[in-house]
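Proteins come first, then strands; the chains are lettered A, B, ... in the order of their sequence lines, and each starts at number 1. Because the structure is predicted, anything quoted here is derived from the model rather than measured.
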There are 2 protein chains.
Amino acid sequence: MSPKRIPSETIDRLFLYMRGLTCLLREGTCTVSSKRLAEICRVNAAAVRKDLSYFGGFGTRGVGYDVKELMEHLHRILKYDDVTDVALVGVGNIGRALLTHSDFELEGFRIITAFDCDPDKIGTKVGGVTVEDMDHMVDRVRELGLDLVILAVPDSAAPKIAHTLEKAGVSSILSFSPCDLFMPHGIEVTCIDLSMEMARLLYHSRRGNEPAEEVGV
Amino acid sequence: MSPKRIPSETIDRLFLYMRGLTCLLREGTCTVSSKRLAEICRVNAAAVRKDLSYFGGFGTRGVGYDVKELMEHLHRILKYDDVTDVALVGVGNIGRALLTHSDFELEGFRIITAFDCDPDKIGTKVGGVTVEDMDHMVDRVRELGLDLVILAVPDSAAPKIAHTLEKAGVSSILSFSPCDLFMPHGIEVTCIDLSMEMARLLYHSRRGNEPAEEVGV
DNA sequence: TAGTGAATGTGAACACAATCACAAGGAGAG
DNA sequence: CTCTCCTTGTGATTGTGTTCACATTCACTA
């Protein structure tokens with residue numbers, strides 16, 4: 001269908017450009033060159049041009065890219081318009097952070113319901129969403145026809161809930177618990193493992209400070 | 001110093017292996033083949049072997065890797081032993097999630113202090129750490145000699161605080177707000193942008209469901 | 001002690017993405 | 001209208017990481 005295969009790295013960077021453009025727009029900038037956008041996103045200027053050119057010539061030679069127009073193109077390419085409904089399981093600290101974050105809808109999804117097993121939380125409203133009883137999760141997810149669920153529960157509880165969700169017909173899970181052997185194989189499970197990310201960052205920041213140490217043993 | 005350059009992807013994967021091994025250990029598994037570990041971490045088996053071989057032959061031909069022994073090697077390579085002290089700025093939902101997470105120390109760092117500007121929070125204890133007044137941040141960070149700070153404040157407040165921290169001598173910041181033009185250039189700022197990650201995931205999960213649609217325009 | 005089966009460790013081939021370098025082309029000045 | 005400047009868009013090149021395929025080596029058995 002599309003003439004050339006588009007590298008997955010390109011797609012990932014488009015999200016980055018969108019972020020950068022949002023900042024530029026807030027700042028009142030109307031036009032941006034690939035060089036400037038590259039600086040902001042900390043990538044190579046040629047990469048910016050090549051990435052954008054996969055989708056058509058959005059720029060004007062000698063001038064650059066129109067910020068607003070480019071954002072509209074990316075908006076369409078990244079499907080920020082199709083708002084997808086998702087459910088949240090686990091109204092702990094991370095769950096609450098997600099529920100009270102207001103901009104998700106601008107990026108293409110909406111948390112329409114949340115589940116927890118704590119009786120004190122059930123029935124309360126967090127960020128405009130009423131917390132429902134976890135026991136009703138399967139029925140509700142089926143009823144609402146949800147495809148994607150966000151899992152923000154304690155690590156030990158994650159695999160069991162994930163299996164339940166698989167049975168409920170969910171096709172992908174975004175989990176804040178580490179993926180492990182006990183997670184279901186039939187559906188796509190993506191993990192944001194905060195402690196792994198932190199360990200990674202720390203390792204790299206240490207490397208940065210220790211200029212020339214040997215790496216092996 | 002080291003004979004061969006080690007790909008950064010290899011380092012990143014080591015953290016993944018560590019995760020997988022932790023699960024195997026919990027499960028009571030003593031020995032694991034590259035094939036099995038690759039399945040768990042969803043990577044190629046040859047990659048597992050090659051990655052590990054950069055650091056020496058940890059396995060036994062015909063048998064596999066000893067789970068416990070391999071974990072010890074990775075532990076040392078990834079420097080999980082050097083516990084680094086870090087500060088947290090912003091005791092909102094994400095901040096609280098980080099403070100109450102208990103396993104960070106096992107992965108090489110420790111949040112030893114937290115700052116917030118809300119008088120109701122100052123002086124309270126969250127996850128064993130007392131919240132201090134943001135006004136004292138610079139002095140305290142200097143006093144404690146901290147190098148890495150975690151920033152979990154509203155997006156709009158992030159740039160200003162980041163600049164303040166730069167002046168306080170901090171060398172890297174992990175921010176949960178999007179990096180933008182207003183962030184300092186002198187220090188390393190890494191961002192975990194939850195909403196960007198979610199948008200990415202959503203895009204990919206949609207792609208997964210729509211097998212053969214064209215990509216362009 | 002020799003034979004068998006299994007999984008490692010690794011050179012070579014491949015695939016993919018980053019970068020370079022330049023031709024093409026629009027905008028604005030005079 | 002033409003000339004110059006500037007930035008895009010893109011073929012070619014380089015660099016890097018992934019994957020393959022197999023020789024090597026170990027444990028176990030009889």
Can you check the A/Asp12 CG to C/dC16 C1' distance for me, whole Å?
15 Å
How many whole angstroms separate atom NZ of A/Lys50 from atom P of C/dC22?
16 Å
Output the single nucleotide from C/dG11, D/dA27, D/dG9 whose closest atom is nearest the side chain of A/Tyr65.
D/dG9
Out of C/dA17, C/dT10, C/dC20, minimum distance to the side chain of A/Ala46 belongs to C/dC20
Is it the case that A/Asp103 and B/Ser195 place a side-chain donor and acceptor less than 3.5 Å from each other?
no
Spacing of A/Ile6 atom CD1 relative to D/dT10 atom P, expressed in whole Å
13 Å
Find the distance B/Tyr54:OH to D/dT16:P and express it as a whole number of Å.
12 Å
Look only at the side chain of B/His204 and the backbone of B/Arg200, and say whether a donor-acceptor pair between them is shorter than 3.5 Å.
yes
Counting only side-chain heavy atoms from C-beta out, which of C/dC16, D/dG9, D/dT19 sits nearest to A/Arg5?
C/dC16
To the nearest Å, how far apart are B/Phe55 CZ and C/dT8 P?
18 Å
For the side chain of A/Arg61, counting heavy atoms from C-beta on, which of C/dT19, C/dA17, D/dG9 is nearest?
D/dG9
Charged N to carboxylate O under 4.0 angstrom, A/Arg19 versus A/Glu107?
yes
Residue whose nearest DNA chain C nucleotide is more 5′ - A/Ala47 or B/Gly62
B/Gly62
Take atom CD of B/Glu9 and atom C1' of D/dT19, then tell me their distance rounded to the nearest Å.
15 Å
Considering only NZ, NE, NH1 and NH2 on the basic side and carboxylate oxygens on the acidic side, decide whether B/Asp81 and B/Arg76 come within less than 4.0 Å.
no
Just checking, any donor-acceptor pair under 3.5 angstrom between side chains of B/Asp66 and B/Thr31?
no
Of all the nucleotides listed (D/dA12, C/dT8, C/dG26), which has the minimum atom distance to the side chain of A/Thr60?
C/dG26
A/Asp66 CG to D/dT7 P, in whole Å, measures 16 Å
Nearest-nucleotide check on DNA chain C, A/Arg13 vs B/Ser34; residue mapping nearer the 5' end is B/Ser34
Ignoring backbone atoms, test whether A/Asn44 places a side-chain nitrogen or oxygen under 4.0 Å from the OP1 or OP2 oxygen of C/dC20.
yes
Short side-chain N/O contact from A/Arg36 to OP1 or OP2 of D/dT7, under 4.0 Å:
no
If I take atom CZ in residue B/Arg49 and atom P in nucleotide D/dT18, what distance separates them, rounded to the nearest angstrom?
14 Å
